[in-house]
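Input: a single structure, listed below in structure tokens.
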Amino acid sequence: MADLEQKTMNDICESTDNNTAPKLPSQDTAAEETLWKKSMNRILVGITLTAITLNFGLLNYIFPTIGTMLLLFGFRALQHENKWFKRCFIISIIRTAYFFWMLIWNTTILHSTIYSSAMNTVLFIANLLLQFALFVCLWQGFLSIRQMLWMKPISHWMILKEIRNQLMMPKTFVSQASA
């Protein structure tokens, strides 16, 4: 009896029009979405951890180290999406190499004898510019993905308009509810 019901159900599913029944995404598509979500989580957590500075319990070394590695792994997974994510990956490699070089260099006594305060300032500004370039490339990568998905580009005015609408929405809702 169960075989007969299964066979009938299969015949019904096969006989339906292709346009009416929604198809499940393939396993490759599901894996890509999961990869995208994991990569974005790594990147966002990495940006957050590199921005946090806590000067106790060696957290000023641990958080940036974990954050730098998460950025590297996140952009490594996305480097084949477009040229902007590839640039983010290259910048992450440079920043990771710089970070670990300075981490090791700061543990030696040679650090204070060779580097002057002017050299530290130049390295700090270079790292800051790399961080800014990383954010610009990340933004351009998002815009490129958006264009690839045939979504219309967002202008700054549209973002401000959406923020204004979201801020005004509770007020109009309350005024309509009280009327």
Side-chain angles (χ1 to χ4, degrees), residues 25 28-108 110-167:
D28 295 335
T29 305
E32 287 179 34
E33 290 171 359
T34 305
L35 178 65
W36 176 263
K37 186 175 180 179
K38 283 182 183 178
S39 298
M40 280 297 115
N41 284 339
R42 287 177 182 159
I43 290 169
L44 292 176
V45 171
I47 289 172
T48 304
L49 288 177
T50 56
I52 294 174
T53 304
L54 298 175
N55 290 328
F56 64 90
L58 297 177
L59 291 178
N60 59 334
Y61 298 114
I62 295 171
F63 282 168
T65 303
I66 294 171
T68 303
M69 295 306 296
L70 284 174
L71 281 171
L72 185 67
F73 294 147
F75 286 125
R76 191 185 99 207
L78 293 179
Q79 69 177 329
H80 300 293
E81 290 293 323
N82 58 38
K83 67 180 181 180
W84 294 104
F85 287 133
K86 177 75 170 180
R87 290 175 183 168
C88 285
F89 178 62
I90 292 170
I91 292 170
S92 292
I93 290 173
I94 294 169
R95 288 193 69 229
T96 303
Y98 166 77
F99 177 78
F100 282 109
W101 170 256
M102 290 306 294
L103 194 63
I104 294 168
W105 188 255
N106 284 337
T107 61
T108 66
L110 298 174
H111 172 70
S112 60
T113 60
I114 294 176
Y115 283 132
S116 64
S117 62
M119 179 65 92
N120 284 335
T121 304
V122 168
L123 290 175
F124 174 76
I125 291 173
N127 190 26
L128 192 64
L129 289 175
L130 283 173
Q131 180 74 20
F132 181 72
L134 185 78
F135 287 140
V136 169
C137 290
L138 181 63
W139 175 252
Q140 291 299 319
F142 286 150
L143 290 180
S144 179
I145 291 291
R146 195 173 170 83
Q147 288 173 353
M148 191 169 60
L149 295 174
W150 296 329
M151 300 172 87
K152 65 180 184 175
I154 294 179
S155 69
H156 297 294
W157 295 111
M158 289 176 66
I159 293 171
L160 291 175
K161 183 179 175 184
E162 184 64 29
I163 291 170
R164 181 188 58 112
N165 289 341
Q166 292 298 323
L167 292 174

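No donor-acceptor distance shorter than 3.5 angstrom exists from the side chain of Asn127 to the backbone of Leu123, with no hydrogens or angles considered. Of the possible polar contacts, none joining the Ser144 side chain to the Gln140 backbone as a donor-acceptor pair under 3.5 Å is found.
Note that CG of Leu59 and OG1 of Thr53 are 10.5 Å apart. Values are rounded to the nearest 0.5 Å. For the atom pair Leu138 CG and Leu143 CG, the distance stands at 10.0 Å (nearest 0.5 Å). Note: Phe132 CZ to Ile125 CD1 = 14.5 Å, rounded to the nearest 0.5 Å. Note that CZ of Phe89 and CD1 of Ile94 are 11.0 Å apart. Values are rounded to the nearest 0.5 Å. Rounding to the nearest 0.5 Å places CZ of Phe73 at 13.5 Å from NZ of Lys38. To the nearest 0.5 Å, atoms CG (Asn55) and CG (Asn60) are separated by 5.0 Å.
Taking both residues in full, the closest heavy atoms of Gly57 and Ile62 are given as O-CD1, 4.2 Å, listed atom of the first, atom of the second, then distance. For the residue pair Gln79 and Arg76, the shortest heavy atom distance occurs at CG-O, 3.3 Å. Taking all atoms of both residues into account, the shortest heavy-atom contact from Ile145 to Glu81 is CD1-OE1, 3.8 Å. Ser92 and Leu71 make their closest contact through OG-O, 4.0 Å (heavy atoms, listed as atom of the first residue, atom of the second, distance). Between Thr65 and Phe99, the shortest heavy-atom distance links the atoms OG1-CE2, 3.3 Å. Cys88 and Cys137 get closest at one heavy-atom pair: SG-CB, 3.3 Å.
Side-chain atoms of Ile47 and Phe135, non-hydrogen and from C-beta on, do get closer than 4.5 Å to each other.
Enclosure of atom CH2 in Trp105 by more than 12 non-hydrogen atoms of other residues, nucleotides or ligands within 6.0 angstrom is indicated. Few gaps surround CZ on Phe100; more than 12 heavy atoms of other groups in view lie less than 6.0 Å from it.
Ile66 pairs with exactly one of Val45, Thr50, Leu49 by the side-chain contact (heavy atoms from CB on, under 4.5 Å) rule, that one being Leu49. The side-chain contact (heavy atoms from CB on, under 4.5 Å) with Arg95 is formed by just one residue from the set Leu72, Leu134, Ile90; it is Leu134.
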